[in-house]
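In what follows, chains are A, B, ... by sequence order, proteins preceding strands, each numbered from 1.
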Number of protein chains: 2
Amino acid sequence: MDKQTITIYDVAREASVSMATVSRVVNGNANVKPATRKKVLDVIEKLDYRPNAVARGLASKKTTTVGVIVPDVTNMYFASLARGIDDVATMYKYNIILTNSDSNGEKEINVLNTLLSKQVDGIIFMGNEITDKLRDEFKRTKTPIVFAGSVDEENIYARVNIDYVAAVQEEVKNLIDRGNKRVAFVCGPLEQAINGKYRLKGYKQALKSAGIPYDDKLVFETDDTYKTGTLLQPALMAVNATAAMVTDDELAAGIMNGMSDADVKVPDDFEIITSNDTKLTEMVRPKMSSITQPLYDIGAVAMRLLTKLMHNEPVDEKNVLLPYGLMKRESTK
Amino acid sequence: MDKQTITIYDVAREASVSMATVSRVVNGNANVKPATRKKVLDVIEKLDYRPNAVARGLASKKTTTVGVIVPDVTNMYFASLARGIDDVATMYKYNIILTNSDSNGEKEINVLNTLLSKQVDGIIFMGNEITDKLRDEFKRTKTPIVFAGSVDEENIYARVNIDYVAAVQEEVKNLIDRGNKRVAFVCGPLEQAINGKYRLKGYKQALKSAGIPYDDKLVFETDDTYKTGTLLQPALMAVNATAAMVTDDELAAGIMNGMSDADVKVPDDFEIITSNDTKLTEMVRPKMSSITQPLYDIGAVAMRLLTKLMHNEPVDEKNVLLPYGLMKRESTK
DNA sequence: CAGCAAATTGAAAACGTTTTCACCTAAATC
DNA sequence: GATTTAGGTGAAAACGTTTTCAATTTGCTG
């Protein structure tokens, strides 16, 4: 007894109808007489027939599978998006092939190509540094692509984000209004547009509005890890920063713990605001104030958008911006 | 111009060879003359031919895709396993279809069936309560299945875990040796064998060795969430517990923060040990002492095991136990 | 240089569906 | 009751590969 030996043909024979008819009842096609529908259904039940999705995919050119490219599921930010994606994918009868890219351009290209060879019906991409080579690969395919929590400066692809510029600007303004003259900006790689072009822009705008000159000594480009954060305290002190706007929660947690370990009191001596509002913000002490993002929803909306694209439905706005908020907790005064 | 219109047939024609030969070079079959191999390769390059994995799957009955059933990727424990799985899957040229089950029996069955209909070559299952119905579904298929971080009491399926009984026993013994007479056991659902049969057993054994009678008032069955943990302080105090062995890191973090918020000092007034050693343990203050588990490796080894099963290679031991450790941090004396 | 084994190729049959037509029936129209 | 019309149905052709088997070529052996 092999894997799955009962085919549509067996059902057809047993029910004395054609394969076409079996296919119709399996697919809920209306044009089949109730009596024969029942007959076929009974045989399907009796034989325990399960349609082979691969054969179906070949014949119909639809796999009901979408590819999801994510830097690292182990990062709670992305895990939350992924969960939102999977939930609405399931809702629409799709499955997701999940791949970790480590934000590595070469891996991203490889993974994209294997996803395409597997004939996924659509792709959701997360990752913020889109190299020219990757962009070229994107352009080669007709398969719909949407970005989740990732910007597209060239305004080609559908994407869902929050307004990073405005959010950072607002938070940095608050920091300045509270008397901080030297606010550090601690971020992931500046090559990533989300940091280098958007968040940094918000930071600069806030400074400008407040009449504070931009000082690049206050900008700390990191690799977004907790560990790196824990090591940053001396450098931050060295430039006399009294607050930091941080672009990643784990990184921010690292900074905060580094401060505490060096007996710098948060928020009294140093204020910290983070950006992703993962559950980490609540678990850490003091709890971290954060820009709030609807993480799950970003994924969910991205997937919903993708279903529209896959079904050739019109989408009114390619650049969807979900509302953000500002959550004051205990790492700010 | 559609999705991907260049087929193996086009390549064959252009290179004036048969489809069979093209198939051979694509699959690296040795039996093809170097000259014609080069000719074919050139045409492939020129036409930018990409094999259609779906057609390939239908013809070969191998999809190079495995299904992964996980309670929730958003939980760092499972995210880490998933990462390990994906990395070795990639290494062996497999992709993973990732599905969240919320540990819901019905969802697990649905998801299993759609994975099977998609003809995955293997399945990795995470989740600890295996209902009879689910077990029946498992039995219906010849597709190899391995459990990751999940026990199989019936000893049917390959699985990779740590020795939960021994680990818990050891840690609880330490707690007792340090003078704690009343050690609470705070766990997820006891229906889950990993809690109800393994960890609880370790807890009981430790008590017994120390000559302490088992008191079920000290056993707290929860839903494994952070939030629930934060609410547990009063109940724990009410039964005069002075320490707790906790089965989930987020849950433990909740308990610890709940204690701190109620001015119960950890570890001086209350000791806490957790079980999964996710990076959360280091981020929280005080840092949590934990049983250490090689999370990534559990996933990686499970996937490696699955490749063996899929290739019909012999596996020496179906029940693989990876080494655990005990990491003292700051939540214990 | 005949004879045979090994290496290289191609034709065609799977693989298990969906989908396009054409055909047939039974109901509806006049 | 002849003529449409629409609903049901089946035959067979896709879909793009792999794989089997036989045919052809090539290379050796003596």
(message) I'd like to check the side chain to side chain donor-acceptor pair (under 3.5 Å) partners of A:T21; sequence neighbours left out, ordered by chain and number.
(response) A:S18
(request) When you get a sec, tell me which of D:dG16, C:dT9, C:dT17 is the closest nucleotide to the side chain of B:K33? (result) C:dT9
(request) With sequence neighbours left out, write down each residue that passes side chain to side chain donor-acceptor pair (under 3.5 Å) with A:T307, or none if nothing qualifies. (result) A:R304
(message) Does anything in residues 93-127 of chain B form a ring pair (Phe, Tyr, Trp, His ring centres under 6.0 Å)? List the pairs, not counting sequence neighbours.
(response) B:F125-B:F138, B:F125-B:F147
(message) Strictly by salt bridge (charged side-chain N to carboxylate O under 4.0 Å, His left out), give each pair with a member in residues 15-26 of chain A just once, sequence neighbours left out.
(response) none
(request) Using five base pairs at each end, measure the axis-to-axis angle across the helix from C:dC1-D:dG30 to C:dC30-D:dG1 and round it to 10 degrees. (result) 30°
(request) Using a 4.0 Å cut-off on protein heavy atoms (strictly under), produce a 5'-to-3' string for nucleotides 20-27 of chain C with B for base contact, S for backbone-only sugar-phosphate contact, and - for none. (result) B-------
(request) Would you mind classifying the nucleic acid contact of B:S23 as base, sugar-phosphate or nothing, using non-hydrogen atoms under 4.0 angstrom? (result) base
(request) Between A:P34 and B:V22, name the one whose nearest nucleotide on DNA chain D is closer to the 5' end. (result) A:P34
(message) My understanding is that only residues two or more places apart in sequence, or in another chain, count here; which of them pass side chain to side chain donor-acceptor pair (under 3.5 Å) with B:S103?
(response) none
(request) Under the side chain to side chain donor-acceptor pair (under 3.5 Å) rule, collect the residues that match up with B:K39, sequence neighbours excluded. (result) none
(request) Verify the contact: side-chain N or O of A:K61 to OP1 or OP2 of D:dG16, cut-off strictly under 4.0 Å; return yes or no. (result) yes
Below 3.5 Å, can you tabulate the donor-acceptor pairs from side chains in residues 68-77 of chain A to any protein atom, sequence neighbours excluded?
unit_1	atom_1	unit_2	atom_2	d
A:D72	OD1	A:T74	N	3.1
A:D72	OD1	B:R83	NH1	3.0
A:N75	OD1	A:Y77	N	2.8

(request) Run through A:N52, A:T63, A:T64 and flag the one making a side-chain hydrogen bond (donor to acceptor under 3.5 Å, both in side chains) with B:K118. (result) A:T64
